Amino acid sequence: TMASLAIVRGLRGGGALINALVTAPLIIPTIVYAIAILLFFSKLGISGSFWGFVFAHSALAVPYVVLIVSAALYRFDVSTELAALSLGASRFQSLWHVTLPSIRPALATGAIFAFLTSFDDATVSFFLANLNDVTLPRKMFENLQFFVSPVLAVVATLLTLFTLALFG
């Protein structure tokens, strides 16, 4: 959200470059990203750690949030924010009480897309997670490869129902 604010409002001339850097993970194949992040995190010593996993999945999800929130900010009427500033609100108060409530649907949509992107990505999970910490998509993929059980069908059905309820 802050990157979107910087791209839409704050940066003069550098917004296009920041936007290109933020959305770059959308055009890079996931397997290339997973290998690169594994090599980078191995040098940092955080490969296989919880925080390495969080950083890697956050980098995958950020482009969706930035694109969705930026679109909402471009549609947002800046005069309401200027009215709050002219009535004595600080920049933070104007952001907190005027801008963020107005773009709340975009924030929720960005959060949903970020969650689904992170949840759906088994490739990065294969490369970054250790043997003890296995994500549900990775476990489902492993079960599908090695043995098929009715539990897999139940989990898939529950995930489908959860996704439908979330979008509903």
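The structure displayed is predicted, hence computed values, not measured ones.
- Inter-residue side-chain proximity for Leu73 and Ile7 is flagged as unmet; no heavy-atom pair is nearer than 4.5 Å.
- A side chain to side chain donor-acceptor pair (under 3.5 Å) check over residues 72-87, counting only residues at least two apart or in different chains, returns the pairs Arg9-Glu81, Asp77-Ser79, Glu81-Thr99.
- Here the options are Val66, Leu67, Ile103, the test is side-chain contact (heavy atoms from CB on, under 4.5 Å), and the partner is Ser4; only Val66 passes.
- Using a 4.5 Å heavy-atom threshold, the side chains of Thr30 and Phe127 count as separate.
- Side-chain heavy atoms closer than 4.5 Å link hydrophobic residues (I, L, V, M, F, W, Y) into clusters, and following such links, possibly through other members, connects Ile28 to Val124.
- In the hydrophobic clustering (ILVMFWY side chains linked at under 4.5 Å, chained through shared members), Leu85 is joined by Val78, Leu82.
- Minimum interatomic distance between Ala59 and Pro25 (heavy atoms only, all atoms of both residues): O-CG, 3.6 Å.
- Under the 4.5 Å side-chain criterion, counting only non-hydrogen atoms from C-beta, Phe76 is not in contact with Val8.
- Cluster membership for Trp51 and Leu38, using ILVMFWY side-chain heavy atoms within less than 4.5 angstrom, is shared.
- In this structure, Leu5 is a member of the same hydrophobic cluster as Phe92, with clusters built from ILVMFWY side-chain heavy atoms closer than 4.5 Å.
- Under the ring pair (Phe, Tyr, Trp, His ring centres under 6.0 Å) criterion, no residue pair touches residues 16-45, with sequence neighbours excluded.
- The hydrophobic cluster containing Ile46 also contains Ile37, counting ILVMFWY residues as joined when their side-chain heavy atoms lie under 4.5 angstrom apart, directly or transitively.
- Remark: Tyr64 OH to Thr23 OG1 distance equals 11.0 Å, nearest 0.5 Å.
- Linking Ile, Leu, Val, Met, Phe, Trp and Tyr residues whenever their side-chain heavy atoms come within less than 4.5 Å places Ile68 and Leu26 in a single cluster.
- In this structure, Ser118 contributes its side chain and Ala114 its backbone to no donor-acceptor pair below 3.5 Å.
- At most 12 heavy atoms of other shown residues, nucleotides or ligands fall within 6.0 angstrom of atom CZ in Phe113.
- For the atom pair Phe55 CZ and Leu44 CG, the distance stands at 10.0 Å (nearest 0.5 Å).
- Contact annotation: the side chain of Arg104 approaches that of Pro101 to within less than 4.5 Å [non-hydrogen atoms, C-beta and beyond].
- Closest of all the heavy-atom pairs between Gln93 and Gly88 is OE1-O, 4.2 Å.
- Taking CG of Leu107 as the start and CD1 of Ile112 as the end, the distance is 11.0 Å to the nearest 0.5 Å.
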